Amino acid sequence: MISWNQWLPLLVIASSLISGGVIFVLDEKRKLARTVLNLGGAVLKVILVGLMLWGVSRGELYEVHFPLTDGLEFALHASPFSLFFVTLSAGLWLLTTIYAIGYFEDSPHLDRFFGFFSFCVCATTGIALAANLFTFVVFYEILTLTTYPLVVHSGKESALRGGRIYLIYTIVGGAVVMLAAVWLQTIVGSFEFTERGVMADVSPEQYGQLRWIFALLIAGFGVKAAMVPLHGWLPNAMVAPAPVSALLHAVAVVKAGAFGIVRVVYDVYGLEFCRQISVTTPLAIAASITIVYGSMRAIYQDDLKRRLAFSTISQVSYIVLGTAVVGPMATTGGIVHLVHQGIMKITLFFAAGNLATTLGVSKVSEMDGVGRRMPWTMTAFSVAALGMIGMPPTAGFVTKWYLGHGALETGQDWVVGVLVISTVLNAMYFLPIIYVAWFKPPKGAWAKERSAGQLETRWSLLMPPVVTGLLTVLVGLFANMPLSPLDWAKFIVDLEYGQ
Amino acid sequence: MSLEAVFLGLIVLPLLGGCLAFLSRPLALPANLVVAVGQLICAFELARTVMAQGPLSYKVGGWDAPLGVNLYADGLTAMMLVMVAVVGGTIVLYTAGAMRSIKDDTYDQQLFWPINLLLLASLNALFLSGDIFNLYVTLELLTLSAVALIGLVGTVDALTAALRYLLVAISASLLYLLGVALLYSIYGTVDWHLLGDQIQVDQVKGDQASLLAIALIVSGLLLKTAVFPLHFWLPPAHSSAPTAASALLSALVLKASFYIILRLWFSVFPYAEFQNAGTLLTTLGVAAILWGSLQAINQTQLKAMVAYSTVAQVGYLFLVFSLASDAAVAWDAWSATVLFAVSHAVGKAAVFLAAGSLQYATGSKQIDSLAGIAREQPVTVLAFATAGVVLIGLPPSGAFVAKWLLLQSAIASGQWPLAAVILTGGVLAAIYVFRVLSLSLLRCEPRESCEPRETRPVPRLMQYATLGLAIVAITLGMMASPMMELLKVDAPFSANPFSADPVSVSTFREVAP
Amino acid sequence: MTYVTMYALTGTVLIGVGLFGTTTCSHLLRKIIGLNVMGAGTFLVLIALARRTTDPLPDPVPHAMVLTGIVVAVSASALALALLRRYYRETGRTDLKPTLQKPRIARKDSHES
């Protein structure tokens, strides 16, 4: 018999697996039933995750193991760090589901869309809860497969091309991760993710191999985390519908990559060991290059979603940077950015989607005066953009503060330079948007305006960005309150540094 | 249920059913359904018994060797039989759906039923054979029924493919038979257990005759397994046969001759002496993976693409001959190979069935005609995608677990080129699978830019039988644990918890571990 | 040379001839006959092998095998001949032409012609 503590992680995954499966079976025309299933699954997941959070903070242990062969085990484990990511996905997923229901309304093939949408959450929570590298790879590959139909959802030539590029990158990246994972297993045997790593027993002769494996793992996960030069798929995947872009950028795909890198550094190699085989500095440099490169490219994009895409490339590497700058403050900054970037970026994409569906505006050059037509949407957008720049008291400020402090604390002053450059570049590509949106008069009639009664657009499209915009400010303002993302991140860091 | 009943249910029942189906048209479909259900029950029952009691043997008619026919079942046998029952049963359902709604006057469709049962009977008998001569007989029966299935449609392509396959297969069988004769003349037995013991004792005596015999046997079987470069007959045969036959051939018939190689190589031949030969076989496998995948990418017809994919996937099965030379990883490599074979059987059958449905819906063999087909045939495309994932070897399919273990064996034994090939094969498979999927999701804007086309509705039973099989295929990886436990029964490498002597049915009792 | 060796040698020669015929002749009937010659050779070898011990009585097992083998060979030949007849009726040909479809380039050619 398996007990409740073993059931719970399985249920968290199953809640979206089952709703996804039923949506596939359901007749496409049964819109109400589908909506109920979508929201029901998402709400149930939030509740289950809430239960698990409550349990873990009281010291409960949630884990389940299924041996597959003598050496391989399918294992889930709710560690504080997994929960951090699970909570982010479950919460933002609920909002994205609401948004997607409003966004698509009556377009065709919604059974396919929402089915894969649910499977995709399932994969993301699986990645978060995976207790060993094998289980991680299983869900990591499933994520690739389930996001592909979402990226190509429109079925247009351009979407298929974007999907093809996405697949080439992620399938090859997945193969590299698999190679590295298997190789690692032949050296250290089968292992579970453990705070401070599993490298206690390796002999110095193996350091060379372990460096190679580290490089392969980072390269493999770097594909999804869109680290330069492996970022090529991300701007091309912008052909996807807005809810999908929001999800790819804020929660699922890029975060899965970043989460993988953090897992490798902390829970497989261990920070101490990483420093011993001196792989952290190259990682920090790679992250810095990505941060600066992404921001530079973002400045020159006229397409709003592409600009946001390059911004994502840049912002996700803050997480990697925080990981690679070895020191409790920087680590806190990196981990907390996992949530902060998610909330801010999803707000931006929701807003961009609203502009496109309501006004037909998809380019920065068409955005003159949109703030007057859609004040709520643009307020949320502006707050999130200021957060990205790092303006106090938003979430982005907290991240940059901790990263900068952490870098100074460990004597890596150059990192502060990277942060300053990046902040300036962030301002250069976000402030003009805010300026034209609020202070310029509209150029004329909108490309294709749709009226939605009293509100500026449908409530289901308006509510999610407003909520996440509000959250951007709240998590910054109340960063030091118990159970805030920062508080939880500090808890994780204490475990990692063994304090 | 008594064990005789299980053995007889797997061989005699399909044989009788086949005769009945041939004599009486109205009873053909019921006979197939009864056999499908019966062999499913029997196969699972056998697997359960083997798990509980260890390997079993049964002397048909009470006659002992050398003249009697000895049946034998261990974990590997049981696994193969379950595979046949699951895949064969689904194909029966699919064909029942196809024939009820689709009338094709160009040939006598009803002839499929008796031949199908004969094919299943010979497959079951082959896996249960305890001696190498019976393996020859069952292999021939299998070949003859397979040829009949290919030629059933009567088109020029199918007849050509059937004739070529027949000529190749008969030559191969004769080579095998010659090898068997030589082995018998040296060791005086055809029972592969006794033969294995004898050969181990004699260490081949440095004997040229034994080596020649082994070479003849293996080359005959390689020809039948269509390993590169002996695969030339496979793509036309598998792509021009009726869909159900293609699925049976690619999924099951190829596995039969591979099973014999695997069985003889590791349980009978002194494989440790044959390291160079093992490396050669693996090299052929590597070439098959690369060449087959590239050819599959290059095809313009759907079923030809799937057939070339079989050529590639068969290559994976041959990696074990080099990997198992390192005793530390031999069990991993061997069990992964069997898992891969089962996974491929289920997955490839589903892919072929889906391909057949799509070909029926569009009325065209070309891949290009599938543009946008996901709109009209969502279930079939989903089934194709799901089973396609198995071909790529992504989780949670059995092929993924198998590839993981193979990769682990390759790395642990330092055979890096094989590790590279395993991964490359997966990426190449992704290219040809997603090429079809991507095309099927295409939506033409504006609508007029598409060529107008009519698609026929595909019967529901065909759609859902395929999808069901595809789902089994993709979840197989999560069921690896019981499969591995079953394989451990009398496997050549694992620590064997049972005594070496098989339990005789007539005295059947539990053997103390 | 005992007659056992003679049997075995003849068998081997026949196998060689049969294999040669099956692989080199293009006429399908010749191929089928080649297979039968090869089969006959194999059976001869088997018969010779029945004398493998010093026992004055020959070993019955190879004989049983030969009987089974002949049955199999006959049915295979029958099937091959039936297929060939049908093939000849459909195409008027007596040899196999490659049906393997060529890669894209070749297909383009056939479109143009």
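From a predicted model like this one, the values you see are computed outputs, not experimental measurements. The basis for the numbers below is simple: all heavy atoms, side chains too, and nothing from hydrogens, waters or symmetry mates. So you know, we letter chains A, B, ... as the sequences are listed, proteins then strands, and number each from 1.
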Side-chain heavy-atom pair B/Thr160, C/Thr91 within 4.5 angstrom cut-off: no
Stepwise side chain to side chain contact (heavy atoms under 4.5 Å, CB included) check, B/Leu177 with C/Met65: CA-CA 10 Å; B/Leu177 179 62; C/Met65 287 183 185; 5.6 Å; no
Chi angles and distances behind the side chain to side chain contact (heavy atoms under 4.5 Å, CB included) call for C/Thr68, B/Phe133: CA-CA 10 Å; C/Thr68 320; B/Phe133 183 73; 3.8 Å; yes
Inter-residue atom distance C/Ile15.CD1 - B/Leu174.CG, 0.5 Å rounding: 8.0 Å
Neighbours of chain B found in residues 19-30 of chain C - heavy atoms under 4.5 Å: C/Thr22, C/Leu28
Spacing of B/Ser173 atom OG and C/Leu35 atom CG [to the nearest 0.5 Å]: 9.5 Å
Partner chain C: residue of B/Val168, B/Leu163, B/Val180 with the largest heavy-atom pair count (under 4.5 Å): B/Leu163
Heavy-atom closest pair, residues B/Leu182 and C/Leu49: N-CD1, 4.1 Å
Greatest number of heavy atom pairs closer than 4.5 Å to chain C - which of B/Val147, B/Thr143, B/Leu178: B/Leu178
By ring-ring contact (aromatic ring centres under 6.0 Å, His included) - contacts of C/Phe43 (at least two apart): none
Minimum side-chain heavy-atom gap C/Met38-B/Leu175 below 4.5 Å: yes
Heavy-atom pair count under 4.5 Å with chain C, highest-scoring of B/Leu159, B/Val137, B/Leu141: B/Leu159
Interface residue of largest heavy-atom contact number with chain B, from C/Ile32, C/Leu46, C/Leu83, C/Leu84, under 4.5 Å: C/Leu83
Side chains of B/Tyr184 and C/Val61 in contact at under 4.5 Å (non-hydrogen atoms): yes
